[in-house]
There are 2 protein chains.
Amino acid sequence: MTVTLADVAARAQVSPATVSRVLNGNYPVAATTRERVLRAVDELDYVLNGPASALAAATSDLVGILVNDIADPFFGIMASAIQSEIGGPGGRAGGERLAVVCNTGGSPERELTYLTLLQRQRAAAVVLTGGAMENEPHAAAVAAKLRRLGEAGTRIVLCGRPPAPETTAIALTFDNRGGGRELTEHLIGLGHRRLGYIAGPEERTTTRHRLEGHRAALAAAGIEEDPRWTVHGRYDRRAGYEATLELLRRDPSLTAVVAANDSVALGACAALRDSGLRIPDDVSVAGFDDLPFSIDAMPSLTTVRLPLAEAGARAGRIAMGREEPPPGGIATVRGELMVRGSSGVPRE
Amino acid sequence: MTVTLADVAARAQVSPATVSRVLNGNYPVAATTRERVLRAVDELDYVLNGPASALAAATSDLVGILVNDIADPFFGIMASAIQSEIGGPGGRAGGERLAVVCNTGGSPERELTYLTLLQRQRAAAVVLTGGAMENEPHAAAVAAKLRRLGEAGTRIVLCGRPPAPETTAIALTFDNRGGGRELTEHLIGLGHRRLGYIAGPEERTTTRHRLEGHRAALAAAGIEEDPRWTVHGRYDRRAGYEATLELLRRDPSLTAVVAANDSVALGACAALRDSGLRIPDDVSVAGFDDLPFSIDAMPSLTTVRLPLAEAGARAGRIAMGREEPPPGGIATVRGELMVRGSSGVPRE
DNA sequence: CCTTGTATAGAAAGCGCTTGCTGTAACGCT
DNA sequence: AGCGTTACAGCAAGCGCTTTCTATACAAGG
């Protein structure tokens with residue numbers, strides 16, 4: 001029914017061992033023999049049996065990429081960059097690898113399940129992207145799983161995620177705190193004193209770090225923060241819209257709204273407009289990430305650009321062992337403040 | 001070193017066969033025995049060896065999702081929906097499956113490579129999303145590959161992609177032609193007579209179908225199309241920006257610009273604004289897809305909503321054999337015209 | 001001409017799991 | 001009591017490949 005190595009061997013009049021060696025190209029095979037084998041492969045339309053090969057060789061060519069939300073360009077861009085350094089015929093020398101992205105939907109259980117599945121497949125490497133959960137039992141479970149994966153020889157890279165102590169994971173961490181701080185400093189520099197903040201889900205590291213940066217900037221400027229000025233929500237437009245209305249209700253005198261990310265910021269803009277407020281004349285808005293659409297908003301969004309594609313590419317190369325990991329296994333990737341039309345001096 | 005089935009069997013004082021059956025749960029095992037085995041699995045922290053299992057059972061739990069551009073929400077949304085019906089602990093009864101998305105980057109070779117890789121892994125199912133290439137040799141190669149995959153028992157579903165004759169593939173096709181036609185009819189109905197069209201890459205089916213719909217609407221209204229009114233480009237914002245400038249250069253009297261998709265439309269809006277034109281007062285703009293950000297553009301985008309999430313979910317269910325395929329293996333998914341702020345009556 | 005070295009091919013032993021088939025008790029029936 | 005059932009559990013034969021070790025052939029050196 002299906003063509004096997006043995007069939008190819010028979011047709012090429014060689015032993016299965018030789019065919020295997022031709023296909024893997026890591027053992028001397030005479031040119032004429034190789035030729036003959038390749039022809040047979042072609043004629044029979046032979047396709048290697050991945051599981052069998054993985055079993056015998058005790059390695060696989062699968063590389064997993066875990067993302068929180070594949071529908072969000074933040075992850076899409078990173079995943080794309082990672083994959084481009086790993087998979088398909090895109091890259092490199094050294095055998096094709098199946099780079100696969102797994103969508104956890106931000107759910108801790110799914111994250112764990114995917115890691116187990118990847119462990120089952122004896123994945124060659126795993127890249128985890130985006131913020132981690134701070135929920136304790138889960139964090140411990142993930143760390144344990146990563147440790148076990150690492151012991152089994154799977155290379156692990158965290159991209160845009162805080163380091164995982166006691167594991168072999170290499171971490172490329174985004175400087176969310178620094179970016180958040182810089183952004184708010186910019187707003188304060190323009191003269192804003194009453195700033196609303198729309199944070200992401202409470203239990204994400206990203207949320208906490210960005211918020212900490214924001215607060216650090218306020219503190220440095222001697223601005224006492226009003227607890228009413230912070231609202232939590234999901235990382236999407238809808239949440240931004242609702243949170244903004246809530247913020248406005250709590251304190252109509254706010255002159256700026258800082259959002260957890262660009263999608264949220266867009267929702268905030270919509271809410272402000274729907275409330276009859278002009279941006280930035282009445283209220284300034286700022287986002288985070290600088291996703292491609294952010295420049296198209298009207299007015300275009302002041303935000304912090306994160307080099308998602310670059311970081312992803314680097315993570316991919318490290319996962320493939322094609323780039324030296326940073327010293328200590330940890331590198332911080334900084335963002336860049338992009339001042340655009342959505343922020344201006346406060347009214348009055 | 002690594003724990004195997006045999007280790008578990010020894011610990012539970014049963015044969016490996018029994019352990020396997022407990023784990024696969026498709027054969028009667030006494031409750032007490034099962035209990036004992038499960039405990040051993042737990043104590044030993046045993047993880048099934050995927051390749052070995054796939055080899056022995058001649059099946060795998062991998063499901064591949066091919067997308068053209070994972071950084072584009074159009075694909076991200078579909079992939080997310082497909083995956084939610086397939087993978088992780090998200091869905092279903094019947095064993096966990098590893099749903100993986102593969103990014104072809106729109107490259108025919110990568111598409112083929114991924115299909116081969118998936119074939120190697122003996123994937124349980126494959127979902128191909130988005131428009132196909134019309135490039136003849138490649139189309140034939142893909143068809144051949146799909147046929148072979150189908151013969152090997154892999155279920156194949158096309159989502160937002162035209163049917164593949166002579167294969168076992170089930171197709172959920174978007175009615176790009178109908179949507180394109182409806183959109184242009186709307187514009188014509190408003191009074192527009194000189195409409196620019198920014199098409200996608202020439203060799204994509206999606207591009208051709210949307211353009212055909214547009215032209216059908218023009219023809220039906222007795223409008224003779226000027227060849228200068230159509231420009232081709234990639235499916236991204238940048239291309240839309242440049243194409244619009246080109247369109248304006250060719251014929252400054254255009255009163256509407258129809259874009260191949262929403263990203264392109266956003267680029268078009270930016271170009272129009274940068275040219276000092278107001279939307280829709282001077283020029284109306286229309287997109288396609290209705291991605292989440294489209295409603296946030298200023299003005300919000302008139303477009304055709306494609307039920308990406310619904311179609312993806314359905315494709316996922318069909319791929320898993322949890323939903324009957326449509327009769328004839330082909331279903332057409334229609335879009336819905338969303339009239340918003342970016343289209344209005346032409347000036348003068 | 002025989003020994004040693006080098007290049008290449010084959011034999012065969014698994015890799016860790018699944019599953020058809022073969023026991024073997026315990027059970028129910030006549 | 002005798003016999004067919006039923007319900008589990010184990011044996012063992014692979015699944016299709018990789019890889020170590022061994023064999024062969026020929027070239028070169030003494």
Side-chain angles (χ1 to χ4, degrees), chain A residues 1-38 40-41 44-62 95-96 117 119-124 152-153, chain B residues 1-38 40-41 44-62 95-96 117 119-124 152-153:
Chain A
M1 181 64 220
T2 64
V3 183
T4 72
L5 236 211
D7 299 333
V8 176
R11 172 147 199 143
Q13 319 235 55
V14 296
S15 72
T18 301
V19 177
S20 170
R21 298 204 258 245
V22 168
L23 262 23
N24 292 297
N26 47 17
Y27 190 89
V29 174
T32 63
T33 312
R34 171 195 316 283
E35 182 77 3
R36 204 142 32 90
V37 169
L38 257 17
V41 165
L44 291 156
D45 216 358
Y46 170 68
V47 175
L48 190 69
N49 182 317
S53 152
L55 172 58
T59 63
S60 113
D61 51 6
L62 205 64
E96 267 136 25
L117 249 22
Q119 187 183 2
R120 257 208 200 17
Q121 304 298 328
R122 306 300 189 251
Chain B
M1 183 61 221
T2 64
V3 184
T4 73
L5 234 212
D7 299 331
V8 176
R11 173 147 199 143
Q13 318 236 57
V14 297
S15 73
T18 302
V19 178
S20 171
R21 299 204 258 245
V22 168
L23 262 23
N24 292 297
N26 47 16
Y27 191 88
V29 173
T32 65
T33 312
R34 172 198 314 283
E35 182 77 2
R36 204 144 30 91
V37 169
L38 256 17
V41 165
L44 264 44
D45 215 359
Y46 170 68
V47 175
L48 190 69
N49 182 316
S53 152
L55 173 58
T59 63
S60 112
D61 51 7
L62 248 197
E96 267 135 24
L117 249 23
Q119 187 182 3
R120 258 207 192 35
Q121 304 297 329
R122 306 300 189 250

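Per chain, numbering begins at 1; letters A, B, ... match sequence-line order. Quick note: numbers below take in every heavy atom, side chains included, and nothing from hydrogens, waters or symmetry partners.
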Give the rounded distance in Å between these two atoms: [atom1] of [X] and [atom2] of [N].
X	N	atom1	atom2	result
Asn49(B)	dC17(D)	CG	P	16 Å
Leu23(A)	dG16(D)	CG	P	16 Å
Gln121(B)	dC15(D)	CD	P	20 Å
Arg36(B)	dC8(D)	CZ	P	14 Å
Asn24(A)	dT19(D)	CG	C1'	10 Å
Gln13(B)	dG10(D)	CD	C1'	15 Å
Leu5(B)	dT19(C)	CG	C1'	13 Å
Leu44(B)	dG16(C)	CG	C1'	15 Å

Write down the atom of Arg122(B), the atom of Val47(A), and the distance for their closest heavy-atom approach.
NH2-O, 3.8 Å

[X] side chain: which of [options] is closest?
X	options	result
Tyr27(B)	dC15(C), dA9(D), dT18(C)	dA9(D)
Arg21(B)	dA9(C), dT19(C), dG16(D)	dT19(C)
Ser15(A)	dT8(C), dC17(D), dG10(C)	dG10(C)
Pro28(A)	dT8(C), dG10(C), dG16(C)	dT8(C)
Leu55(A)	dC17(C), dA9(D), dG16(C)	dG16(C)
Thr2(B)	dT19(C), dG10(C), dG16(C)	dG16(C)
Leu48(A)	dC17(C), dT18(D), dG10(D)	dT18(D)
Ala57(B)	dT8(C), dA9(C), dT19(C)	dT19(C)

Using heavy atoms to find the nearest nucleotide of DNA chain C for Thr18(A) and Ala17(B) separately, return the residue whose nucleotide is more 5′.
Thr18(A)

Walking DNA chain C from its 5' end, the first of Ala31(A) and Val19(B) to be reached, judged by nearest nucleotide, is Ala31(A)

Would you say that [X] contacts [Y] through its side chain, given a criterion of any heavy-atom pair below 4.5 Å between the two side chains?
X	Y	answer
Gln13(B)	Thr18(B)	no
Val14(A)	Val19(A)	yes
Leu38(A)	Val22(A)	yes
Val37(B)	Val29(B)	no

Is a donor on one side and an acceptor on the other found under 3.5 Å between the side chain of Arg36(B) and the backbone of Ala12(B)?
yes

When we call it a touch if two heavy atoms are under 4.0 Å apart, what does Ala58(B) touch: a base, just sugar-phosphate, or nothing?
nothing

Between Ser53(A) and dG16(D), is there a contact of a side-chain N or O with OP1 or OP2 at under 4.0 Å?
no

Using the closest heavy atom to pick a nucleotide of DNA chain D for each, name whichever of Val29(B) or Asn26(A) lands nearer the 5' end.
Val29(B)

